[in-house]
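Below, chain A is the first sequence line, B the second, and so on; all start at residue 1.
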Protein chains: 2
Amino acid sequence: MSADAPAGYDPHAFAPFAVTVDLAVFTVRDSRLHVLLVERGADPYKGHWALPGGFVLPRESAESAARRELAEETGLTEGTVSAFHLEQLRTYSDPDRDPRMRVVSVAYAALVPDLPEPRGGGDAASAQWWDAKTPGPLAFDHDRILADAHDRIGAKLEYSCLATAFCPPEFTLGELQQVYETVWGVELDRPNFRRKVLTTPGFVQAVAGSPRRTGGRGKPAALYRAGAATALHPPLLRPEGRST
Amino acid sequence: MSADAPAGYDPHAFAPFAVTVDLAVFTVRDSRLHVLLVERGADPYKGHWALPGGFVLPRESAESAARRELAEETGLTEGTVSAFHLEQLRTYSDPDRDPRMRVVSVAYAALVPDLPEPRGGGDAASAQWWDAKTPGPLAFDHDRILADAHDRIGAKLEYSCLATAFCPPEFTLGELQQVYETVWGVELDRPNFRRKVLTTPGFVQAVAGSPRRTGGRGKPAALYRAGAATALHPPLLRPEGRST
DNA sequence: TCCTTAATAGTCATTCTGACTATAAAGGAG
DNA sequence: CTCCTTTATAGTCAGAATGACTATTAAGGA
């Protein structure tokens with residue numbers, strides 16, 4: 001911030017703002033984009049599904065709060081979760097977005113590989129994966145947040161190497177292509193996709209010397225790991241125009 | 001937000017969060033990128049320069065607060081300012097970013113055409129344009145915010161038609177190219193830039209029939225207005241790698 | 001032993017881009 | 001008035017990148 005506080009400012013009397021984080025946790029499973037949702041147990045929107053999230057604690061940054069919530073909702077350790085891609089999306093601050101009080105929420109998008117069904121170790125034991133395209137009406141403004149998150153991820157796949165964040169440590173180019181096709185909702189030409197990925201320095205690197213069979217049928221595919229590059233130059237553009 | 005409030009939650013007792021907005025207001029002037037700064041009059045960082053900003057009011061969204069501050073600091077009416085490009089950058093929430101109390105700040109970037117020297121109608125009468133590349137150490141974490149804002153704008157010029165936001169209603173292609181060169185800090189080939197802009201449908205549209213002379217010397221340039229397009233497909237990539 | 005499936009290797013034309021060269025239309029210096 | 005400089009605009013050409021295809025290879029299953 002930068003403006004001077006109002007004269008005689010008393011934090012406890014002036015700003016009844018609560019600050020929360022909301023998480024859009026995405027994964028690719030069965031060729032469909034999934035998002036982690038929790039069922040609300042308390043009154044505003046009780047029974048509705050919502051993005052996982054929670055309050056930012058007094059001595060914690062929003063980033064830390066998001067990482068903490070991610071661990072709680074997925075039931076994984078903070079150590080495991082620290083390897084996942086987590087990025088700030090934007091902040092939602094409409095005065096009426098929460099009927100109870102003034103809540104400003106910093107939204108994050110997380111990209112995780114296909115995980116086992118979440119065993120909620122945190123407060124929301126009812127966390128569950130939902131298809132990201134048809135998750136009924138969510139609580140609060142979470143439909144909007146989810147849509148924004150989906151848009152952002154789709155756009156970032158174009159000019160970053162982010163897609164590998166959806167994959168396990170070792171993956172095939174077919175799996176990587178699936179990520180693009182799933183998030184964008186389009187089909188890509190396989191040879192062209194290969195060429196683009198393999199000629200972009202640092203996007204992926206081949207694993208020593210071991211192919212594996214995917215579903216069993218077809219020629220075994222070579223395995224790759226995520227490379228050191230983060231940006232994609234030139235970008236891998238979506239077929240049509242923008243947005244999904 | 002989504003998590004349920006802690007049991008027995010009392011907004012006034014629990015969360016002494018203040019929420020502010022900070023603005024990185026950019027303009028291109030004399031072939032250099034400028035940013036609007038204000039001199040702090042009160043104690044934390046008194047005498048330092050800072051990004052303009054202020055508290056989000058109890059019944060106001062961060063977006064509205066940013067628009068309001070933009071009008072105050074530039075000394076223009078809200079009506080005038082509503083035409084300027086204003087976009088949310090990201091939110092800064094480090095617990096110690098303000099020594100006085102817990103302040104979460106939503107940062108915005110604004111792009112304005114070359115304006116007359118600001119006559120601060122608001123609280124900070126000392127608003128002034130500074131070269132965006134060398135604005136000494138700023139108050140709080142504003143150096144970081146400014147750097148992030150510069151990066152974001154530079155990146156958006158690649159795949160959006162945003163550059164016209166820096167130009168007056170009617171402009172020459174030379175002026176538009178100046179925007180790119182100034183923000184990116186590189187020189188572009190003029191014929192190639194022309195070709196790219198003119199062949200991108202909706203980027204610019206020619207004004208009826210009237211050239212004008214720029215500085216006086218040289219062949220008069222044709223005038224254009226911003227077109228209807230917002231995205232740039234394919235993008236106009238920077239010469240080298242990413243970031244500035 | 002065929003058939004199907006999926007991975008991988010190429011080809012070819014089109015588009016886009018970067019690096020240039022050429023021409024046109026102003027103002028300024030002599 | 002005539003060069004000279006400056007800036008806008010037109011056009012050329014080779015190389016890179018992309019989209020649309022056509023093989024070929026290596027599995028599993030009927």
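- The interatomic distance linking A:Glu187 (CD) with D:dA20 (C1') rounds to 15 Å, in whole Å.
- The listed nucleotides are C:dT8, D:dA20, D:dT7; the one nearest the side chain of A:Asn192 is D:dA20.
- Between A:Leu146 and A:Leu138, the closest side-chain pair of non-hydrogen atoms falls below 4.5 Å.
- Remark on DNA chain C: of its neighbouring residues B:Lys196 and A:Leu173, the 5'-side contact belongs to A:Leu173, judged by nearest-heavy-atom nucleotide.
- The shortest side-chain heavy-atom distance between A:Val25 and A:Val35 does not fall under the 4.5 Å cut-off.
- For B:Tyr159 and A:Tyr159, the ring centers sit closer than 6.0 Å to each other.
- Here the P atom of nucleotide C:dC16 and the CZ atom of B:Arg238 are 22 Å apart, to the nearest Å.
- Distance A:Leu237 CG to C:dT14 P: 21 Å, rounded to the nearest Å.
- For B:Arg195 against D:dG11, a side-chain-to-base donor-acceptor contact under 3.5 Å is absent.
- When the nucleotides D:dA26, C:dT5, C:dA25 are ranked by their closest atom to the side chain of A:Arg217, C:dT5 comes out on top.
- The residue among A:Gly218 and A:Thr199 whose nearest nucleotide of DNA chain D is located toward the 5' end is A:Thr199.
- By the 4.5 Å heavy-atom criterion applied to side chains, A:Leu223 and A:Thr172 are counted as neighbours.
- Between the CG atom of B:Leu236 and the P atom of C:dT17 there is a distance of 7 Å, rounded to whole Å.
- For B:Ala222, whose side chain is taken as the heavy atoms from C-beta onward, the closest listed nucleotide among D:dT9, D:dT22, C:dA7 is D:dT9.
- Separating the CZ atom of B:Arg190 from the C1' atom of D:dG11 is a distance of 16 Å, rounded to the nearest angstrom.
- Residue B:Arg194 has a polar side-chain atom (N or O) positioned under 4.0 Å from OP1 or OP2 of D:dT9.
- With the nearest nucleotide of DNA chain C identified for both B:Lys219 and A:Asp189, A:Asp189 has the one nearer the 5' end.
- One finds a salt bridge joining B:Arg238 and B:Glu158 here, because a Lys/Arg side-chain nitrogen approaches an Asp/Glu carboxylate oxygen to under 4.0 Å.
- Rounded to whole angstrom, the span from the CZ atom of A:Phe193 across to the P atom of C:dA6 amounts to 17 Å.
- Rounded to whole angstrom, the span from the CG atom of A:Leu198 across to the C1' atom of D:dA17 amounts to 15 Å.
- To the nearest angstrom, P of D:dT9 lies 9 Å from CG of B:Leu223.
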